[in-house]
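The structure displayed is predicted, hence computed values, not measured ones.
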Amino acid sequence: SPHVRVPESAIARPGLPLVGVVIFTGCAQNASGHCDAGVKYAVLKPDASVYGRPEVGELWVGKPAPSKGTLELGKGNILVVIEPGDPPGLYTMRAEVEDRVSGKKLVLERTFEAVTGVQQK
(Lines give C-alpha, C1' and ligand atoms only; values in the text may rest on other atoms or scores of the structure.)
Protein backbone atom coordinates (compact mmCIF):
# COMPACT_ATOMS: atom_id res chain seq x y z
CA SER A 1 0.00 0.00 0.00
CA PRO A 2 1.27 3.52 -0.73
CA HIS A 3 2.68 5.61 2.08
CA VAL A 4 3.01 9.34 2.30
CA ARG A 5 5.29 11.33 4.58
CA VAL A 6 3.54 14.25 6.25
CA PRO A 7 5.22 16.48 8.83
CA GLU A 8 4.10 15.25 12.23
CA SER A 9 4.29 16.83 15.62
CA ALA A 10 5.42 14.58 18.44
CA ILE A 11 5.17 17.33 21.08
CA ALA A 12 1.97 18.99 22.34
CA ARG A 13 2.23 22.17 24.37
CA PRO A 14 -0.71 23.56 26.34
CA GLY A 15 -3.03 25.68 24.21
CA LEU A 16 -1.55 24.65 20.84
CA PRO A 17 -3.86 22.49 18.67
CA LEU A 18 -2.99 19.13 17.13
CA VAL A 19 -5.14 17.73 14.30
CA GLY A 20 -5.55 14.03 13.53
CA VAL A 21 -6.50 12.98 9.99
CA VAL A 22 -6.50 9.79 7.92
CA ILE A 23 -4.93 9.72 4.47
CA PHE A 24 -6.09 6.63 2.58
CA THR A 25 -6.30 4.92 -0.78
CA GLY A 26 -9.07 2.68 -2.03
CA CYS A 27 -12.40 1.65 -0.54
CA ALA A 28 -15.04 -0.86 -1.57
CA GLN A 29 -17.94 0.43 -3.65
CA ASN A 30 -21.59 -0.48 -3.13
CA ALA A 31 -24.09 -1.29 -5.91
CA SER A 32 -24.36 2.45 -6.68
CA GLY A 33 -20.57 2.73 -7.12
CA HIS A 34 -20.05 4.71 -3.92
CA CYS A 35 -17.97 4.12 -0.80
CA ASP A 36 -19.27 4.07 2.76
CA ALA A 37 -16.33 4.39 5.16
CA GLY A 38 -16.36 5.93 8.61
CA VAL A 39 -13.80 6.78 11.26
CA LYS A 40 -13.91 7.02 15.05
CA TYR A 41 -11.15 9.04 16.70
CA ALA A 42 -10.17 8.84 20.36
CA VAL A 43 -7.29 10.18 22.41
CA LEU A 44 -5.91 8.25 25.37
CA LYS A 45 -4.13 9.96 28.26
CA PRO A 46 -0.85 8.64 29.70
CA ASP A 47 -2.84 6.46 32.15
CA ALA A 48 -4.77 4.95 29.15
CA SER A 49 -8.07 6.61 30.11
CA VAL A 50 -10.00 8.44 27.38
CA TYR A 51 -9.16 12.13 27.01
CA GLY A 52 -12.13 14.30 26.07
CA ARG A 53 -14.85 12.92 23.84
CA PRO A 54 -14.36 10.43 20.97
CA GLU A 55 -15.22 11.88 17.55
CA VAL A 56 -17.23 9.75 15.10
CA GLY A 57 -17.48 10.85 11.50
CA GLU A 58 -17.20 10.29 7.82
CA LEU A 59 -14.04 9.09 6.17
CA TRP A 60 -15.46 8.73 2.63
CA VAL A 61 -19.23 8.38 2.11
CA GLY A 62 -21.42 8.65 -0.98
CA LYS A 63 -18.49 9.21 -3.35
CA PRO A 64 -16.70 6.92 -5.81
CA ALA A 65 -13.45 5.37 -4.62
CA PRO A 66 -10.33 7.41 -5.32
CA SER A 67 -8.48 6.34 -8.48
CA LYS A 68 -6.17 3.37 -7.97
CA GLY A 69 -2.96 4.48 -6.27
CA THR A 70 -4.33 7.94 -5.47
CA LEU A 71 -4.07 9.14 -1.89
CA GLU A 72 -7.06 10.97 -0.47
CA LEU A 73 -7.59 12.98 2.70
CA GLY A 74 -10.52 11.59 4.68
CA LYS A 75 -13.26 14.05 5.48
CA GLY A 76 -13.41 13.45 9.25
CA ASN A 77 -10.72 14.68 11.67
CA ILE A 78 -10.10 15.34 15.34
CA LEU A 79 -8.75 18.48 16.99
CA VAL A 80 -6.91 18.10 20.30
CA VAL A 81 -5.80 20.94 22.56
CA ILE A 82 -3.90 20.02 25.70
CA GLU A 83 -4.98 22.28 28.56
CA PRO A 84 -2.54 23.70 31.14
CA GLY A 85 -3.85 21.41 33.93
CA ASP A 86 -3.68 18.18 31.86
CA PRO A 87 -1.11 15.60 32.90
CA PRO A 88 2.18 15.61 31.00
CA GLY A 89 3.32 12.41 29.34
CA LEU A 90 2.69 10.17 26.36
CA TYR A 91 -0.80 10.38 24.78
CA THR A 92 -2.14 8.12 22.02
CA MET A 93 -4.34 9.34 19.17
CA ARG A 94 -6.33 6.44 17.73
CA ALA A 95 -8.38 6.23 14.51
CA GLU A 96 -10.66 3.22 14.04
CA VAL A 97 -11.52 3.06 10.33
CA GLU A 98 -14.37 0.92 9.02
CA ASP A 99 -15.27 0.23 5.38
CA ARG A 100 -18.95 -0.61 5.81
CA VAL A 101 -19.23 -2.03 2.27
CA SER A 102 -16.44 -4.62 2.59
CA GLY A 103 -16.67 -4.98 6.37
CA LYS A 104 -12.92 -4.37 6.74
CA LYS A 105 -11.66 -2.52 9.82
CA LEU A 106 -8.31 -0.93 10.60
CA VAL A 107 -6.95 0.72 13.74
CA LEU A 108 -4.27 3.40 13.37
CA GLU A 109 -2.36 4.92 16.29
CA ARG A 110 0.08 7.78 16.74
CA THR A 111 1.61 8.92 20.00
CA PHE A 112 2.56 12.42 21.08
CA GLU A 113 4.07 13.82 24.24
CA ALA A 114 2.31 16.53 26.20
CA VAL A 115 4.77 18.83 27.94
CA THR A 116 4.20 21.64 30.39
CA GLY A 117 5.80 25.06 30.56
CA VAL A 118 7.02 27.31 27.80
CA GLN A 119 9.64 26.52 25.23
CA GLN A 120 13.06 28.02 25.97
CA LYS A 121 15.05 29.58 23.14
Side-chain angles (χ1 to χ4, degrees):
S1 64
H3 294 313
V4 63
R5 282 277 198 212
V6 176
E8 299 174 356
S9 176
I11 302 291
R13 298 195 181 282
L16 298 179
L18 290 178
V19 177
V21 298
V22 173
I23 298 173
F24 72 101
T25 184
C27 50
Q29 297 182 48
N30 60 21
S32 301
H34 296 109
C35 297
D36 183 8
V39 61
K40 178 182 177 183
Y41 290 101
V43 176
L44 305 178
K45 294 190 280 187
D47 68 1
S49 63
V50 177
Y51 180 80
R53 178 176 51 104
E55 296 286 335
V56 177
E58 172 184 339
L59 182 71
W60 203 252
V61 176
K63 301 175 218 154
S67 302
K68 186 174 180 157
T70 300
L71 295 171
E72 193 67 57
L73 175 63
K75 185 173 180 184
N77 63 63
I78 187 170
L79 175 69
V80 180
V81 179
I82 299 298
E83 300 297 332
D86 290 337
L90 200 60
Y91 287 66
T92 301
M93 186 177 293
R94 176 180 294 156
E96 298 175 18
V97 177
E98 180 179 11
D99 185 324
R100 293 181 284 258
V101 176
S102 70
K104 292 182 180 178
K105 296 179 181 182
L106 175 66
V107 176
L108 305 167
E109 290 186 345
R110 173 76 167 104
T111 58
F112 62 90
E113 184 179 2
V115 296
T116 58
V118 293
Q119 186 174 4
Q120 301 293 320
K121 291 190 178 193

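- Residues passing the side-chain contact (heavy atoms from CB on, under 4.5 Å) test with S67, sequence neighbours excluded: T70.
- Taking 4.5 Å as the limit, some side-chain heavy atom of V81 sits within range of a side-chain heavy atom of E83.
- Among residues two or more places apart in sequence or in another chain, the side chain to side chain donor-acceptor pair (under 3.5 Å) test is passed with D86 by Y51.
- Considering only residues two or more places apart in sequence or on other chains, L44 meets the side-chain contact (heavy atoms from CB on, under 4.5 Å) condition with V50, T92, R94.
- E96 contributes atom CD, which lies 10.0 Å from atom CG of L108 (distance to the nearest 0.5 angstrom).
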Please output the side-chain donor-acceptor pairs of residues 57-65 that fall under 3.5 Å, not counting sequence neighbours, one pair per line with the distance.
unit_1	atom_1	unit_2	atom_2	d
E58	OE2	V61	N	3.3
E58	OE2	K63	NZ	3.3
W60	NE1	P64	O	2.9

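- Evaluation of the disulfide (SG to SG under 2.5 Å) test over residues 55-94, restricted to residues two or more places apart or in two chains, returns none.
- The minimum heavy-atom distance linking V19 with L79 is given by the pair CG2-CD1, 3.7 Å.
- Counting only residues at least two apart or on different chains, no salt bridge (Lys or Arg N to Asp or Glu O under 4.0 Å) pair has a member in residues 22-31.
- Closest non-hydrogen pair, A12 versus F112, comes out as CB-CD1, 3.6 Å.
- Looking at residues two or more places apart in sequence or on another chain, you find a side-chain contact (heavy atoms from CB on, under 4.5 Å) between P84 and P14.
- Hydrophobic clustering, with ILVMFWY side chains joined whenever heavy atoms are under 4.5 angstrom apart, keeps L16 apart from V115.
- The two residues M93 and V43 have their closest heavy-atom pair at CG-CG2, 4.3 Å.
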side-chain contact (heavy atoms from CB on, under 4.5 Å) for Y91 and I82? Distances and angles first, verdict last.
CA-CA 10 Å; Y91 287 66; I82 299 298; 4.0 Å; yes
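- Scanning for salt bridge (charged side-chain N to carboxylate O under 4.0 Å, His left out) contacts around E55 gives R53, with sequence neighbours left out.
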All N/O donor-acceptor pairs, side-chain side in residues 32-41, below 3.5 Å, sequence neighbours left out:
unit_1	atom_1	unit_2	atom_2	d
H34	ND1	S32	O	3.4
D36	OD1	R100	NE	3.0
D36	OD1	R100	NH2	2.9
Y41	OH	V22	N	3.3
Y41	OH	G76	O	3.2

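- One distance of note links OG1 of T111 with CG of L90; it measures 4.5 Å at 0.5 Å rounding.
- Although no hydrogens or angles enter the test, the distance criterion places a donor-acceptor pair under 3.5 Å between the side chain of D99 and the main chain of A28.
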